[in-house]
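Only this structure's heavy atoms are used, side chains among them; waters, hydrogens and symmetry mates stay out. What you see is a predicted model; the values in this text were computed from it and never measured. Letters A, B, ... are given to chains in the order of the sequence lines, protein chains preceding strands, and every chain is numbered from 1.
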Amino acid sequence: MIEKGKSTYDKIYDIVREIPQGKVASYGQIAELAGNRRWSRVVGYALNVSPEDKGLPCHRVVNRYGEPSKCFETAGENRQIKLLEAEGVRFVDGRVDMEHFQWNRRVF
DNA sequence: AACATGACATAAG
DNA sequence: CCTTATGCCATGT
């Protein structure tokens, strides 16, 4: 069967939903897993226009430096950081410790 | 079809 | 470390 209807955004959302709790993924990583590593920008755009946060842990997506999005800034604090820390993700100097918390997809 | 936008990534100075 | 500039690509107008 021809499976269509799956737009690029859907693929991206699908990957994002697979990010386990306590882990984070970079835009480039998601783009690559979604099928094209050059979709990094599209990933950000997709999350920006994401219809709902339901089942979409967009807070587990950070840039390659582990920095959270400014869109989560509220009252001078990043809600994204709080959410991640609540999941066990450690932050160092305002950035995620990517070395230890970046999603591997093949857990091991 | 053309242009503008964007929660990125990489390179260069 | 910082700022610019360029590449990249789906979407919306």
Reference residue A:Cys58; test side-chain contact (heavy atoms from CB on, under 4.5 Å); the match among A:Leu83, A:Asn48, A:Leu47: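 The single option meeting the side-chain contact (heavy atoms from CB on, under 4.5 Å) with A:Cys58 is A:Leu47.
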With sequence neighbours excluded, residues passing salt bridge (Lys or Arg N to Asp or Glu O under 4.0 Å) with A:Glu85: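 Here no residue qualifies.
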Output the residues of residues 58-67 of chain A in contact with DNA chain B, where contact means a heavy atom of the residue under 4.0 Å from an atom of the strand; sort by number or write none.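 Here the set is A:Cys58, A:Asn63, A:Arg64.
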Sugar-phosphate or base contact per nucleotide [nucleotides 7-13 of chain C; S, B, -; heavy atom under 4.0 Å]: BBBSS--
Out of curiosity, does A:Trp39 fall in the hydrophobic cluster containing A:Val49 (side-chain heavy atoms, cut-off under 4.5 Å, transitive links)?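 Yes.
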Measure the shortest side-chain to side-chain distance between A:Ser40 and A:Val43 over non-hydrogen atoms and say whether it is less than 4.5 angstrom.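 When only atoms from C-beta onward are counted, A:Val43 and A:Ser40 do not touch, as no gap falls below 4.5 Å.
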Would you check if A:Arg64 and A:Met98 make a side-chain contact, meaning some heavy-atom pair closer than 4.5 Å?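 When only atoms from C-beta onward are counted, A:Met98 and A:Arg64 do not touch, as no gap falls below 4.5 Å.
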Would you please enumerate the stems DNA chain B participates in, each stem being three or more consecutive Watson-Crick or G-U wobble pairs with both distances under 3.5 Å?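 The stems that DNA chain B takes part in, listed by first number, are B:2-6 with C:9-13, B:8-13 with C:2-7.
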Output side-chain donor-acceptor pairs under 3.5 Å for residues 22-38 of chain A, partner residues at least two apart or in another chain, one line each.
unit_1, atom_1, unit_2, atom_2, d
A:Lys23, NZ, A:His100, O, 3.2
A:Ser26, OG, A:Gln29, N, 3.1
A:Gln29, OE1, A:Ser26, N, 3.4
A:Gln29, OE1, A:Gln102, NE2, 3.1
A:Gln29, NE2, A:Trp103, O, 2.7
A:Asn36, OD1, A:Arg38, N, 2.8

Is it true that, when you exclude A:Arg90 itself, more than 12 heavy atoms of the residues, nucleotides or ligands shown sit nearer than 6.0 Å to its CZ?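 Not more than 12 within 6.0 Å, no.
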Report the hydrophobic cluster partners of A:Phe72, with the cluster defined as I, L, V, M, F, W, Y residues connected by side-chain heavy atoms closer than 4.5 angstrom, directly or transitively.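 Taking Ile, Leu, Val, Met, Phe, Trp and Tyr as members, A:Phe72 stands alone, with no cluster partners.
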Measure the spacing between CZ of A:Arg95 and CD of A:Glu67 and express it to the nearest 0.5 Å.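 Spacing of CZ (A:Arg95) from CD (A:Glu67) equals 5.5 Å.
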Quick one: closest heavy-atom pair of A:Ile19 and A:Arg60, and the distance?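 In terms of heavy atoms, the two residues are closest at O-NH1, 2.8 Å.
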